[in-house]
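Okay, so here's the structure we're looking at.
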Amino acid sequence: CAMDGNEDVKNDILTSLLIFIAGRMDIGVRLFPQYINVERAGKMRRHLRHPRVGGCGAWELDGSVGSRSAAFPVPYKDGSQGHCYYSDETVSAKLRQALESGMQPSAHAIGETAIDQLCNAYAEHELLIPSGGAMPRIDHFEFPSEKAIETVKRLRLALTVQPGFSWVDKRYLKSYERFL
């Protein structure tokens, strides 16, 4: 699975090049253009088995623990406070648009508050979540609340976790123990 592209780049030549190269490789490459704009992502549709929208680059709902920008309901040890980057209304509208377009939505959410925000939006649009095909995703999903875990179990959501981040952090960075 290749997370490619960037919503900030107007003429995304690198993603077009990757599509060209991936189609000629001896291994199967599942492209995942990281656009939150459904129309822009739709232009890649013919190259994708499962049309996707979002990703951890284009649609971060919060930041990271190391930068103290992951959204939690309580402040970090130093008193700083992470926050969600988008309003509940924006998250809900983007999810609805993606689901109604038949695209697999995905968003980065690390902190408890951001994960809750995304789970609440998925629950709001539960009837739009397809019973087959690609499952809507939550990328990173590091610090879920009990409520979020129950929501994920009830809905058909895919979680992409990155245990490597935890391993590197525990061994080298120590940001979890320094900041949380």
Side-chain angles (χ1 to χ4, degrees), residues 1-64 69-71 83-111 113-142 144 148 151-162:
C1 180
M3 302 279 285
D4 332 290
N6 191 315
E7 189 79 20
D8 297 339
V9 178
K10 185 177 181 179
N11 188 11
D12 192 0
I13 296 169
L14 290 178
T15 299
S16 297
L17 179 61
L18 181 60
I19 288 168
F20 176 80
I21 293 169
R24 288 152 181 80
M25 295 176 74
D26 291 334
I27 62 170
V29 177
R30 291 188 179 195
L31 299 169
F32 196 150
Q34 296 192 83
Y35 306 140
I36 191 54
N37 180 306
V38 170
E39 184 179 318
R40 186 174 187 189
K43 292 177 183 176
M44 302 284 179
R45 199 174 202 130
R46 66 186 174 97
H47 302 289
L48 308 172
R49 180 182 301 160
H50 299 291
R52 299 178 170 129
V53 65
C56 62
W59 206 22
E60 294 178 315
L61 299 190
D62 68 346
S64 67
S69 56
H83 65 280
C84 293
Y85 295 160
Y86 299 98
S87 69
D88 293 346
E89 295 77 22
T90 298
V91 172
S92 177
K94 290 290 185 184
L95 279 182
R96 173 178 278 289
Q97 187 181 28
L99 291 166
E100 286 178 342
S101 297
M103 301 186 98
Q104 176 192 27
S106 180
H108 157 109
I110 286 180
T113 305
I115 292 171
D116 282 346
Q117 181 186 50
L118 189 53
C119 283
N120 291 340
Y122 277 130
E124 180 182 342
H125 302 301
E126 180 174 358
L127 296 177
L128 296 174
I129 295 174
S131 59
M135 298 185 301
R137 292 172 36 153
I138 301 175
D139 292 320
H140 307 298
F141 199 78
E142 285 191 44
T151 300
V152 166
K153 286 171 27 179
R154 185 174 54 80
L155 301 177
R156 192 173 177 272
L157 303 178
L159 307 176
T160 60
V161 295
Q162 294 179 315

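Along the sequence shown, residues carry numbers from 1.
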So which atom in [X] and which in [Y] form the shortest heavy-atom distance, rounded to 0.1 Å?
X	Y	result
H140	C56	NE2-CB, 3.3 Å
A121	V91	CB-CG1, 3.8 Å
M135	A158	CE-CB, 3.6 Å
P144	I115	N-CD1, 3.7 Å

Calculate, to the nearest 0.5 Å, the distance between atoms [atom1] and [atom2] belonging to [X] and [Y] respectively.
X	Y	atom1	atom2	value
R156	S131	CZ	OG	7.0 Å
L157	T151	CG	OG1	8.5 Å
L61	T113	CG	OG1	11.5 Å
I110	E60	CD1	CD	8.0 Å
K43	T15	NZ	OG1	13.5 Å
F32	L18	CZ	CG	13.5 Å

Heavy-atom side-chain contact between M103 and R45 under 4.5 Å: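 Yes, close enough: below the 4.5 Å cut-off.
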Min side-chain heavy-atom separation Y85-T90 under 4.5 Å: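 Not touching, per the 4.5 Å side-chain cut-off.
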Set of residues satisfying salt bridge (charged side-chain N to carboxylate O under 4.0 Å, His left out) with respect to E126, sequence neighbours excluded: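 Expected list: R154.
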N120/D88 under side chain to side chain contact (heavy atoms under 4.5 Å, CB included): CA gap, chis, key distance, verdict: CA-CA 9 Å; N120 291 340; D88 293 346; over 6 Å; no
Taking [X] for the side chain and [Y] for the main chain, is one N or O donor matched with an acceptor at less than 3.5 Å?
X	Y	answer
Y122	R137	yes
S69	S64	yes
D139	T160	no
S101	Q97	yes
D62	A114	no
E100	L128	no
R40	I36	no
H125	S92	yes
Q117	Y86	yes

Test log, rule side chain to side chain contact (heavy atoms under 4.5 Å, CB included), inputs I19 and L17: CA-CA 5 Å; I19 288 168; L17 179 61; over 6 Å; no
CA sep, side-chain torsions, deciding dist, call: W59, L95, side chain to side chain contact (heavy atoms under 4.5 Å, CB included): CA-CA 11 Å; W59 206 22; L95 279 182; 4.0 Å; yes
L155 and C119: CA distance, side-chain angles, deciding distance, side chain to side chain contact (heavy atoms under 4.5 Å, CB included) verdict: CA-CA 9 Å; L155 301 177; C119 283; over 6 Å; no
